[in-house]
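Before any comments, here is the structure.
Quick note: numbers below take in every heavy atom, side chains included, and nothing from hydrogens, waters or symmetry partners. Predicted model, so just to flag it, every value in this text is computed and none were measured. Position 1 is the first residue of the sequence, and the numbers go up from there.
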Amino acid sequence: MNNDYLARAKERIPDPQILSVVAAKRAKQLALGKARPMVKCDSKQILDVALLEIAEGLLTYEFVTPGTKSELSEADVNVTENSEQE
């Protein structure tokens with residue numbers, strides 16, 4: 001994992017638990033071919049691509065199911081491509 005991409009992604013999503021779920025869900029989308037990368041990334045690792053997309057503000061997320069933060073999982077969060085890029 002690229003620490004620079006992680007640091008930049010933390011600026012967008014400061015909560016580590018939410019960041020890990022969003023990054024994992026996006027990496028899974030990319031791995032399964034359900035989405036194409038929106039950035040050119042020096043790394044071949046899918047997680048790095050996901051972190052860079054987060055850092056660039058290219059993704060949005062929303063909570064699907066209410067619950068406590070300690071129970072947060074991939075099923076509780078929708079991750080989509082941001083149609084309004086900054």
From [X] [atom1] over to [Y] [atom2], what is the distance, rounded to the nearest 0.5 angstrom?
| X | Y | atom1 | atom2 | value |
| --- | --- | --- | --- | --- |
| Asn2 | Leu51 | CG | CG | 8.0 Å |
| Gln45 | Leu30 | CD | CG | 13.0 Å |
| Leu58 | Thr80 | CG | OG1 | 11.5 Å |
| Met1 | Asn3 | CE | CG | 6.5 Å |

How far apart are the closest heavy atoms of [X] and [Y], and which atoms are they?
| X | Y | result |
| --- | --- | --- |
| Ser43 | Val49 | O-CG2, 4.3 Å |
| Ala55 | Ala9 | CB-N, 3.7 Å |
| Leu59 | Ala50 | CD1-O, 4.3 Å |
| Leu19 | Lys10 | CD2-CG, 3.7 Å |

Exercise. Do any N or O atoms from the side chain of Asn82 and from the backbone of Gly57 form a donor-acceptor pair under 3.5 angstrom?
Worked result: yes
Exercise. Under 3.5 Å, side chain of Glu53 to main-chain N/O of Arg26, donor-acceptor pair present?
Worked result: no
Residue pair [X] / [Y], side-chain heavy-atom distance below 4.5 Å:
| X | Y | answer |
| --- | --- | --- |
| Arg8 | Leu52 | yes |
| Phe63 | Val77 | yes |
| Tyr5 | Asp42 | yes |
| Tyr61 | Ile13 | yes |

For this session: Run the salt-bridge test on Arg12 and Glu56 with the 4.0 Å N-O cut-off and return the result as yes or no.
Result: no
